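Naming convention: chains lettered A, B, ... in sequence-line order (proteins, then strands); numbering from 1 in each chain. Computed from a predicted model, the values in this text were never measured in an experiment.
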2 protein chains.
Amino acid sequence: MFKTLRIGEVAKATGIKVVTLRYYEQLGLVPGPARTDGNYRAYNQEDLHRLRFIRRCRDLGFSLDQVRGLLRLSSKRCQKCSEVDRITRRHLTDVEEKISDLKRLANVLRRIISRCRGDGLIADCRIIEALSPGVSPADRI
Amino acid sequence: MFKTLRIGEVAKATGIKVVTLRYYEQLGLVPGPARTDGNYRAYNQEDLHRLRFIRRCRDLGFSLDQVRGLLRLSSKRCQKCSEVDRITRRHLTDVEEKISDLKRLANVLRRIISRCRGDGLIADCRIIEALSPGVSPADRI
DNA sequence: GTAGGGTCTATGGTGGCTATAGGGTCAAGG
DNA sequence: CCTTGACCCTATAGCCACCATAGACCCTAC
């Protein structure tokens, strides 16, 4: 027989904060757990498992909506996993796009910074200049 | 003499949406422009310049708070530009951190995906498995 | 004079939380 | 038995950087 856990214990066990646990419940992402006589949430092992799954997905950058989908799918054990595959690949593509966006950004910032001596006056500042309209197209993103 | 612009024209000229222009004004990021008799906003060239500066900063991923700082600094033409330098370097560091976070993320996702045949059942799905607790530490981020 | 576009303010929603107020519960110590 | 302190409860509001909507007003062209 599994001793139920209180919300603070679940928070420690999953790494999800107490407020966030309540927030997920409010969203309907997880079913509300049983309650004690004193109206405390009493989480069982299945709740814990579900929440750890969510935490892992969130660490991997899935949106709550994607997590919802993955949760739904993970319970249909007899269905094909192509949909799971699709969601995950889609997410990877998004992440890869974000990486290349940020790389381009970092390059522009490095170029801008490299031209600043750091001790001149604002009036001559290459950074402010680069941020102002009319800058050379090479520095645009 | 410069003909003043209406908000829609400014939106086109800067690439900032109409609602966002009003939002920036409400935040105090830009001073409210003059008004016409019919209470329409009438932007002058200085307003436009300021807004283009903001747009450029936002494209480069600066937060509105950082933009506020850069705007303030850019008007103090006789001050040293070390602070501008600091803000920009700080931002670059943030971006670089985000890139390496996302790269690690993408690697995990790729590893997870590579093990999925994509046509099996959920019950055997390597992705769901990898998302579940108790997965091998190598797949953790 | 009326039709259409643009503009005005005010309010509410998004995602994914976090913070706060004002109370209730529970176990340990005096 | 009573208090203290840690935990828990709900409800509400705030964060960022916007976007959407409603209902009114303005302005130009036909």
For DNA chain D, whose closest nucleotide is more 5', that of Tyr40(A) or that of Gln26(A)?
-> Tyr40(A)

May I ask you to test the Arg50(B)-Tyr24(B) pair for a side-chain heavy-atom distance under 4.5 Å?
-> no

Would you kindly give the [atom1]-to-[atom2] distance between [X] and [N], to the nearest whole Å?
{"X": "Glu25(A)", "N": "dG16(C)", "atom1": "CD", "atom2": "C1'", "answer": "17 Å"}
{"X": "Glu9(B)", "N": "dC26(D)", "atom1": "CD", "atom2": "P", "answer": "19 Å"}
{"X": "Phe62(B)", "N": "dC16(D)", "atom1": "CZ", "atom2": "C1'", "answer": "17 Å"}
{"X": "Arg58(B)", "N": "dC19(D)", "atom1": "CZ", "atom2": "C1'", "answer": "14 Å"}
{"X": "Asn39(A)", "N": "dG24(C)", "atom1": "CG", "atom2": "P", "answer": "12 Å"}
{"X": "Asp37(A)", "N": "dC26(C)", "atom1": "CG", "atom2": "C1'", "answer": "12 Å"}
{"X": "Ile16(A)", "N": "dT18(C)", "atom1": "CD1", "atom2": "P", "answer": "11 Å"}
{"X": "Ile54(B)", "N": "dC18(D)", "atom1": "CD1", "atom2": "C1'", "answer": "14 Å"}

At less than 4.0 Å, is any side-chain N or O atom of [X] found next to OP1 or OP2 of [N]? Yes or no.
{"X": "Thr20(B)", "N": "dA17(D)", "value": "no"}
{"X": "Arg6(B)", "N": "dG5(C)", "value": "no"}
{"X": "Arg68(A)", "N": "dG16(C)", "value": "no"}
{"X": "Arg41(B)", "N": "dT9(C)", "value": "yes"}
{"X": "Lys17(A)", "N": "dC17(C)", "value": "no"}

State whether the number of non-hydrogen atoms from other residues, nucleotides or ligands found under 6.0 Å of Glu46(A) atom CD is greater than 12.
-> no

Count the heavy atoms of every other residue, nucleotide or ligand shown that sit under 6.0 Å from CZ of Arg90(A), and state whether that count exceeds 12.
-> no

Would you mind classifying the nucleic acid contact of Ser63(A) as base, sugar-phosphate or nothing, using non-hydrogen atoms under 4.0 angstrom?
-> sugar-phosphate

Which part of the nucleic acid, if any, lies within contact of Arg22(A), taking any heavy atom under 4.0 Å across all strands shown: a base, the sugar-phosphate backbone alone, or nothing?
-> base

Answer yes if the side chains of Asn107(A) and Arg104(A) hold a donor-acceptor pair under 3.5 Å, and no otherwise.
-> no

From His91(A) NE2 over to Ile113(B) CD1, what is the distance, rounded to the nearest 0.5 angstrom?
-> 9.0 Å

Looking at dC18(D), does its base get a donor-acceptor pair with the side chain of Tyr23(B) below 3.5 Å?
-> no

Of Thr36(A) and Tyr24(A), the one whose nearest nucleotide on DNA chain C sits closer to the 5' end is Tyr24(A)

Nearest nucleotide by nearest heavy atom, which residue falls closer to the 5' end of DNA chain C, Gly38(A) or Val19(A)?
-> Val19(A)

